[in-house]
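Data first, discussion second: the structure below is written as structure tokens.
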Amino acid sequence: MKLEARKVLIVEDDYMQATDLCAIVEKANCHVLGPVSDEAGALLLLEKEVPDVAVIDLNLGTGMSYKVALELADQHVPFIFATGYDCLSPVM
């Protein structure tokens with residue numbers, strides 16, 4: 001999938017990481033939806049807009065972002081989880 005001119009949803013609770021990710025996405029000539037820092041905000045945005053792709057922080061500080069992932073899957077939107085977790089460690 002060519003990313004240029006795509007709508008990219010960013011769900012990230014860390015301000016600096018969200019800002020950096022937005023800059024990267026915009027440099028790729030994509031339109032950023034968000035960034036959104038919590039699950040409720042992301043789900044509200046998804047009621048109004050359907051992104052082409054999404055980058056979701058796995059742990060949003062107040063809990064995991066699984067409901068956002070399920071909603072994106074229901075809308076057939078490809079997404080990736082961004083996380084600082086060691087991939088060999090279990091997610092709590």
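As the structure is a prediction and not an experimental result, all values here were calculated from the model. Atoms considered below: every heavy atom in the structure, side chains included; atoms not considered: hydrogens, waters and symmetry mates.
- Grouping Ile, Leu, Val, Met, Phe, Trp and Tyr residues whose side-chain heavy atoms lie under 4.5 Å apart, directly or via other members, leaves I24 alone, with no other cluster members.
- When side chains are defined from C-beta on, E12 does not count as touching V55, because their heavy atoms never get closer than 4.5 Å.
- Looking at D52, its side chain does come within 3.5 Å of a backbone N or O of K7 through a donor-acceptor pair.
- By the 4.5 Å side-chain criterion applied to Ile, Leu, Val, Met, Phe, Trp and Tyr, Y15 is assigned to a cluster that also includes M16.
- E26 pairs by the side-chain hydrogen bond (donor to acceptor under 3.5 Å, both in side chains) definition with nothing, not counting sequence neighbours.
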Indicate every side-chain donor-acceptor pair of residues 35-51 with a distance under 3.5 Å to a residue at least two apart or in another chain.
from, atom 1, to, atom 2, distance (Å)
D38, OD1, G41, N, 2.7
E39, OE2, K67, N, 3.2

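- Cluster membership check: V77 shares its hydrophobic cluster with Y66, using side-chain heavy-atom separations under 4.5 Å among Ile, Leu, Val, Met, Phe, Trp and Tyr.
- Residues V25 and I10 are in side-chain contact: their nearest non-hydrogen atoms beyond the backbone lie under 4.5 Å apart.
- In terms of modelled atom types and a separation under 3.5 Å, the side chain of S65 and the main chain of I56 share no donor-acceptor contact.
- Put simply, CG on D14 and CG on D57 are 8.0 Å apart, with the number rounded to the nearest 0.5 Å.
- Within the model, atoms CD of Q17 and CG of D13 stand 8.0 Å from one another, a figure rounded to the nearest 0.5 Å.
- V68 and L70 are not part of a single hydrophobic cluster, where members link through side-chain heavy atoms under 4.5 Å apart.
- Atom-to-atom distance recorded for M64:CE and F81:CZ is 8.0 Å, nearest 0.5 angstrom.
- Rounding to the nearest 0.5 angstrom, the gap separating the CG atom in L9 from the CG atom in L33 is 6.0 Å.
- Counting heavy atoms from C-beta outward, V8 and V32 have side chains that stay 4.5 Å or more apart.
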